[in-house]
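The next block holds one structure in the form of structure tokens; read it before the comments.
Every number for a ligand or one of its atoms is a count from 1 in the order of the listing.
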Amino acid sequence: MPVSVSTAKLGLWIGGEPQPGEGAARGLVNPATETPLEPFCEAIEDQVGQAVASAAAALPIWAGTLPGRRAAVLLRLADLIAQEADRLARIEAANVGKPLSQALRDVGRAADYFRFYAGVCDKLNGETIPLGPDQTALTLAEPVGVTAHILPWNYPISTLARGMAPALAAGATVVAKPSELTPFSAFEVARLAKQAGLPDGACNVVLGGGDVGAALAGYPKIAHVTFTGSTTTGRRVMQAASVPVAGVTLELGGKSPVIVLEDADLEAAADGVMRGIFFNAGQVCAAGSRLICTRGVHDALVDKLAQKTRAMGVGDPLDDPALGPLVSAAQLARVEGFVQRAKGQGMTCALGGARLERPGYFYPPTIFTDVPPEAEIAREEVFGPVLVTHLCDDAEDALRIANDSPYGLVAGVYTQSHDTALWLARRLEAGQVFVNGFLTGGDTVPFGGVKHSGIGREKGLAGLSAYLATKSIILNHARPT
Ligand code: NAD
């Protein structure tokens with residue numbers, strides 16, 4: 001008997017109402033227990049069109065809503081999410097497999113995004129540009145239009161809010177497509193948004209896989225596509241968005257380096273590296289999956305990591321262990337494939353390296369040491385709890401190894417020397433660099449990648465610009481006669 005994790009039958013959300021998908025049925029299982037969850041039906045293309053049409057119809061209403069009122073709706077939505085945090089976190093834990101306290105944190109982050117962007121609704125100022133005595137130009141920051149949000153499965157509710165909150169704050173409207181693996185929380189947020197007073201049609205949700213995402217990204221009337229997912233899919237989204245000539249924000253994959261130098265506080269570095277790769281079972285775009293460490297401290301650091309990692313409890317997400325399962329059987333097979341190939345190529349596996357013999361898609365923390373930088377496991381995003389280490393001579397050598405990657409999402413540096421830290425931070429090819437900490441930035445700091453890790457920035461005030469279009473008005477005011 002499938003377990004329902006939400007209070008209403010899971011479906012699409014179009015024009016402020018639930019609607020069953022008319023496409024193929026999809027089954028889901030709880031990744032910790034492999035027991036079925038409530039199935040759902042995908043949207044057909046016509047329903048994607050209905051969702052876009054409903055967002056387009058709501059646009060003048062929402063864009064024309066007084067800024068203070070828009071802010072009040074977003075604040076109310078933040079409050080509703082916070083009030084329902086426990087229920088939403090349990091949905092997320094059962095659907096994604098993430099430990100309950102991590103799911104609660106994600107829900108809190110979602111509420112915080114709506115709160116943060118509520119504060120900017122009445123501060124979307126333009127500027128005036130003097131053009132001499134007889135002309136004045138002024139600019140308006142107008143909502144960009146209907147925005148599409150195509151989401152991955154690793155942080156479903158917080159990634160939805162990361163794009164939806166600034167879009168709504170700007171007065172734009174939203175059609176979201178969560179991952180086909182994690183559809184529950186987007187549906188719940190859409191319901192709460194209606195309860196918070198968002199006009200019908202300002203937020204819509206369509207469910208389905210890549211076909212539904214591709215139809216949405218390329219739909220006429222879409223003005224901007226915010227995509228979070230793999231680099232391969234990001235390229236396809238960019239192509240699809242060229243049809244409506246929509247803007248794109250692409251938050252893509254990573255293979256992020258953490259550099260630990262000889263003078264680093266090793267205890268702090270071990271904590272940061274551990275959190276960076278084993279949090280959310282390594283299914284984190286910004287995971288610190290490459291440890292680049294000077295020779296003198298490498299072995300001591302790996303020992304510390306192994307010691308700390310062995311103490312991590314594994315179990316059902318609802319019991320809040322340190323490590324839950326991977327999201328799906330396919331993701332488990334992907335991680336196993338990378339590890340088996342690395343072993344076959346003679347890499348040294350210092351920890352983990354084989355799936356756990358228990359029901360569910362559990363994979364243990366795994367460390368490969370002294371891996372050649374050109375190895376597949378050092379270059380490709382595994383998206384699981386798998387760390388590789390590289391030995392380096394000094395900061396310069398570390399920088400060379402760190403930047404030798406197609407990706408450029410985040411990077412970490414551990415050293416007591418501020419000069420070295422800044423020297424590295426300025427030269428690392430990454431959108432965000434952490435010094436003496438890792439993944440500590442918070443959600444009010446701009447985030448996004450360079451190189452194959454993406455285009456554009458989300459979070460903080462930088463996250464608003466994708467949803468605003470500047471209009472300039474030139475007033476000609478020649479001397480009255
Ligand atoms: P994915 O690329 O497989 O899918 C992401 C979304 O795109 C899903 O909703 C999917 O249905 C949809 N999709 C698939 N094909 C499509 C197409 N042709 N057109 C439009 N949409 C399509 O990624 P995933 O497996 O869900 O997530 C893991 C990836 O996401 C990793 O690479 C990870 O690094 C990345 N990620 C990045 C960030 C970030 O902020 N940079 C955050 C989380 C995850």
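Side-chain contact annotation: Thr35 with Thr33, donor-acceptor N/O pair under 3.5 Å present. Checked by atom type, the side-chain pair Thr182/Asn95 shows no donor-acceptor distance below 3.5 Å. With 3.5 Å as the limit, one finds no donor-acceptor pair spanning the side chains of Gln283 and Gln331. Side-chain contact annotation: Tyr467 with Thr226, donor-acceptor N/O pair under 3.5 Å present.
Remark: among candidates Ser230, Pro156, Ser328, the nearest residue to atom 1 (P) of ligand 1 is Ser230, based on non-hydrogen atoms. For atom 8 (C) of ligand 1, the choice among Leu151, Thr182, Ile150 with the nearest heavy atom turns out to be Leu151. Of the listed options Ala176, Gly208, Gly210, Gly210 places a heavy atom closest to atom 17 (C) of ligand 1. For atom 44 (C) of ligand 1, the nearest non-hydrogen atom from the set Asn280, Val237, Asn154 belongs to Asn154. Here atom 15 (N) of ligand 1 lies nearest to Thr233 when heavy atoms of Val212, Asp211, Thr233, Thr159 are compared.
With ligand atoms numbered from 1 in the order given, ligand 1 contributes 11 (O) to contacts under 4.0 Å with heavy atoms of Gly209. Counting atoms of ligand 1 from 1 in the listed order, those under 4.0 Å from a heavy atom of Glu381 are 31 (C), 32 (O), 33 (C), 34 (O). Of all atoms in ligand 1, listed by their number and element, those nearer than 4.0 Å to a heavy atom of Phe447 are 40 (O). Close approach of ligand 1 to Leu252 is summarised as follows: ligand atoms under 4.0 Å from at least one heavy atom of the residue are 34 (O), 37 (C), 38 (C), 39 (C), 41 (N). In the vicinity of Ala214, heavy-atom distances shorter than 4.0 Å reach the ligand 1 atoms 19 (N), 20 (C), 21 (N). Residue Arg236 approaches ligand 1 through these ligand atoms, each under 4.0 Å from one of its heavy atoms: 18 (N). Those atoms of ligand 1 that come under 4.0 Å of a heavy atom in Ser179, given as number and element, are 9 (O). Heavy-atom contacts of Gly213 reach the following atoms of ligand 1: 19 (N), 20 (C), 21 (N) (cutoff under 4.0 Å).
Listed by chain and number, the residues in a side-chain contact (heavy atoms from CB on, under 4.5 Å) with Ala57 amount to none (sequence neighbours excluded).
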Verdict with reasoning, Val413 to Leu428, per side-chain contact (heavy atoms from CB on, under 4.5 Å): CA-CA 10 Å; Val413 177; Leu428 280 162; 3.7 Å; yes
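The residue Glu458 has no part lying near ligand 1, judged by heavy-atom distances below 4.0 Å. Using a 4.0 Å cut-off between heavy atoms, Gln283 makes no contact with ligand 1 at all. For Arg162, every heavy-atom contact with ligand 1 shorter than 4.0 Å involves the side chain, none the backbone.
In terms of modelled atom types and a separation under 3.5 Å, the side chain of Lys308 and the main chain of Ala270 share no donor-acceptor contact.
Pairing each heavy atom of Glu92 with each of Ala103, the nearest pair is CB-CB, 4.1 Å.
The shortest N/O to N/O separation between Thr231 and ligand 1 does not fall below 3.5 Å.
For residues 312-321, the side chain to side chain donor-acceptor pair (under 3.5 Å) pairs, not counting sequence neighbours, are Ser101-Asp320.
Assignment of Ala217 to the shell around ligand 1 is not supported, since no heavy atom sits closer than 4.0 Å. Ligand 1 has no atom lying under 4.0 Å from any heavy atom of Tyr155.
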